[in-house]
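Below: the structure, in structure tokens.
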Amino acid sequence: MDTRYQVIIVGGGPVGVALAVDLGLRGIRCALVERRLESPRIPKGQNLTQRSMEHFHAWGVADAVRAARLLPPSYPMSGIIAYGDLASRYWYAPPLREIVNAYYFQENERLPQYRTEQVLRKRMAELRNVDARFGWTAQAIAQDERGVRVTVAPDGGAPHVLEADYAVGCDGGHSLVREQIGIARSGSDFNQLMVLALFRSRELHEKLNRFPPRSTYRVLHPDLEGYWQFLGRVDVGESWFFHSPVPADTTRDNYDFHALLQEAVGFPFACAFDHVGFWDLRISVAQQYQVGRAFIAGDAAHSHPPYGAYGLNNGLDDVANLGWKIAATLAGWGGDALLATYTEERRPIFTETAEDFIEAGIRRDKEFMARYSPERDRDEFERAWKEHADTAAPRVLTYEPHYEGSSIIFGPPNGTSSAHGSHTFKARAGHHLPPQRLSSGKNVFEELGRDFTLLAFDVDDRAVTGFEDAARPLGVPLTVVRDTYAEGRTAYEAKLMLVRPDRYVAWLGDAVPTDPAAVVRKAIGRG
Ligand SMILES: Cc1cc2nc3c(=O)[nH]c(=O)nc-3n(C[C@H](O)[C@H](O)[C@H](O)COP(=O)(O)OP(=O)(O)OC[C@H]3O[C@@H](n4cnc5c(N)ncnc54)[C@H](O)[C@@H]3O)c2cc1C
């Protein structure tokens, strides 16, 4: 059995398998080690952002992911937010992530994570350079300047040592890789136990007909200090999941979950439970995402409650950021500084996501519930509730992770990498490339290369050859997309854009820079 690889991925949840697909498509020989044979059928990780769907498009599975959804096509993905319970007169149905669809090449999607994982696993199985070992557990990891060694064992079998140039721990919140390479975490522990119940109830489906069709139902109750009771559809008509804070000593056997559910919805209904599990409301971020030749990604690097659906989506963004950097380094064109930019670019995004979007949301709701009450002052409450409703969607517009401050981006002076941003069709260095139609009728995303792409709109040949001549001796694969600077493309407000493999703009301008080689060198970490 061959035991030498370029990359060993520990953990075959959605993030590990996505990384195997990304690296596999880049021609990297990797091993993926996953202790479970099947993904648990828990419908978590359902809300997929537009960015995640763009990654799926790049990995050739966007259509398969959409075909695996359980809700009917175009069934609204956003939710209802209610005060007190779902029988309340105070509720609203805000548009959420769909309001930024136009700024991405793919629309957001909703399906249970285990269905997404099935699609990814199928794609991975098509890649001959990926050696997937399901039912194998990683027991230890060691590294030196030449490579990494991961001790793995099949269920009940003898251990083997696998060797590689790099290893990536995609092994979830309790990451062995993170612990063994010595990365500490910081974050907030809310000391709050949560229940996750899966149940079936047609009656609930029918009784919620008072609302417009929606996928999720969030209850804000004054006693819950800003934590939500959260009901969601797994399909339309029958299957549901339910999260709620519960007392710390709750077990499956000492608590009436049916009564809790009925309190949350505000009326009696019959249901049959399929699963009751628990999770701790905790947010943690690793201090760094790399030590030497070992990296961490996904929940191993940052874990969080399912508030706002940042978990899986952030993990997939980690993959898109790290995959090309490892592949470029292995291919020899990635510079010495390239791999360190993974922590540099990704960590601030999650730190701010945790503090400013997840924790701030919990705090905001806690303060709201403490301050306003329809029993105490109805007029004041109704004014505040309207504001609660009016500010939900605008906040979505401000979540736009970008790398303006990255050392391999030509961002603005004093730019910082941040989860806070804005949505626009203007191209900006350090930001996601907005989609645009080319004169061929295709979207620019359909023409981007797997590595770097130069978008050249109505520029003279010297501009293009300047970049080609710069990229060639450095070994950087460069796809050139030429078109006119007309129609929607003028919204970019730039005629030349150097787009990274993860579809972020590294550099832009209207004319060839004085030293295109310096631009390319910086973008690949050789600056
Ligand atoms: C109830 C719930 C709802 C959620 N909803 C959303 C949502 O709507 N949107 C969203 O973006 N996120 C959501 N999340 C978060 C999302 O599910 C996680 O962020 C996601 O699963 C992270 O994927 P991962 O691959 O990093 O880690 P995991 O899914 O934890 O996978 C890690 C894998 O590593 C394997 N492993 C661990 N140790 C070893 C070892 N030593 N050897 C071999 N294998 C090992 C494990 O078996 C596991 O398969 C939700 C989470 C929960 C709990």
Side-chain angles (χ1 to χ4, degrees), residues 8-20 31-40 42-49 51-53 55 77-79 96-97 108-114 116-117 120-121 132-141 150-155 159 162 167-180 194-198 215-216 228 230-232 234 241-244 275-284 286 289 296-319 322 350 353 357-358:
I8 298 168
I9 299 165
V10 177
V15 172
V17 177
L19 182 62
L32 176 129
V33 184
E34 164 56 51
R35 64 181 168 209
R36 297 175 319 193
L37 292 174
E38 297 289 333
S39 320
I42 305 290
K44 56 182 188 168
Q46 300 220 63
N47 242 312
L48 296 170
T49 58
R51 263 297 277 165
S52 291
M53 290 308 299
H55 303 325
M77 282 177 257
S78 49
L96 288 175
R97 284 222 167 97
N108 59 331
E109 187 49 277
R110 183 174 177 86
L111 66 158
Q113 184 171 306
Y114 62 84
T116 307
E117 288 187 45
L120 283 168
R121 282 190 183 199
R133 295 167 181 241
F134 289 101
W136 288 64
T137 298
Q139 298 177 334
I141 173 166
V150 181
T151 307
V152 298
D155 197 13
L162 307 181
V168 186
C170 301
D171 46 349
H174 301 289
S175 170
L176 167 109
V177 173
R178 187 189 61 238
E179 275 165 26
Q180 294 211 348
M194 306 286 291
V195 66
L196 163 60
L198 306 183
S215 296
T216 58
W228 309 337
F230 189 48
L231 268 163
V234 180
F241 68 84
F242 175 58
H243 298 276
S244 176
H275 166 90
V276 174
F278 301 94
W279 52 278
D280 291 311
L281 216 162
R282 188 179 291 140
I283 297 176
S284 59
Y289 288 7
I296 48 176
D299 276 19
H302 41 77
S303 29
H304 21 68
Y307 280 34
Y310 295 107
L312 174 56
N313 292 304
N314 259 285
L316 297 173
D317 285 348
D318 292 345
V319 169
L322 180 60
F350 191 74
T353 302
F357 290 87
I358 305 176

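In each ligand, atom 1 is the first atom listed, and ligand 1 is the first ligand listed.
Phe241 meets the ring-ring contact (aromatic ring centres under 6.0 Å, His included) test with Phe230, His243; sequence neighbours excluded. Partners of His302 by ring-ring contact (aromatic ring centres under 6.0 Å, His included), not counting sequence neighbours, listed by chain and number: His304, Phe350. Arg282 is linked by a salt bridge (charged side-chain N to carboxylate O under 4.0 Å, His left out) to Asp189, Asp280, counting only residues two or more places apart in sequence or in another chain.
The CG atom of Asp299 lies 8.5 Å from the OG atom of Ser284; values are rounded to the nearest 0.5 Å. Between atom CG of residue Leu312 and atom CD of residue Gln46 there is a gap of 11.0 Å, rounded to the nearest 0.5 Å.
With a 6.0 Å cutoff to the six-membered ring centre and a 45° limit on the axis angle, Arg97 counts as a cation-pi contact of Tyr310.
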Report all N/O contacts between ligand 1 and the protein shorter than 3.5 Å as a table of atom names and distances to 0.1 Å; if there are none, say 'none'.
unit_1	atom_1	unit_2	atom_2	d
ligand 1	5 (N)	Gly45	N	2.9
ligand 1	8 (O)	Gln46	N	3.1
ligand 1	8 (O)	Asn47	N	3.2
ligand 1	11 (O)	Ala309	O	3.3
ligand 1	11 (O)	Gly311	N	3.3
ligand 1	11 (O)	Leu312	N	2.7
ligand 1	11 (O)	Asn313	N	3.0
ligand 1	11 (O)	Asn313	ND2	3.2
ligand 1	12 (N)	Leu312	N	3.0
ligand 1	17 (O)	Gln113	OE1	2.7
ligand 1	19 (O)	Asp299	OD1	2.7
ligand 1	19 (O)	Asp299	OD2	3.4
ligand 1	19 (O)	Leu312	N	3.2
ligand 1	21 (O)	Gln113	OE1	3.4
ligand 1	21 (O)	Gln113	NE2	2.8
ligand 1	25 (O)	Pro14	N	3.4
ligand 1	25 (O)	Val15	N	3.1
ligand 1	26 (O)	Asp299	N	2.9
ligand 1	38 (N)	Arg35	NH1	3.4
ligand 1	41 (N)	Ala138	O	3.1
ligand 1	42 (N)	Ala138	N	2.9
ligand 1	44 (N)	Arg35	N	3.2
ligand 1	47 (O)	Glu34	OE2	2.7
ligand 1	47 (O)	Arg35	NE	3.4
ligand 1	49 (O)	Glu34	OE1	2.7
ligand 1	49 (O)	Glu34	OE2	3.1
ligand 1	49 (O)	Arg36	NE	3.4
ligand 1	49 (O)	Arg36	NH2	2.9

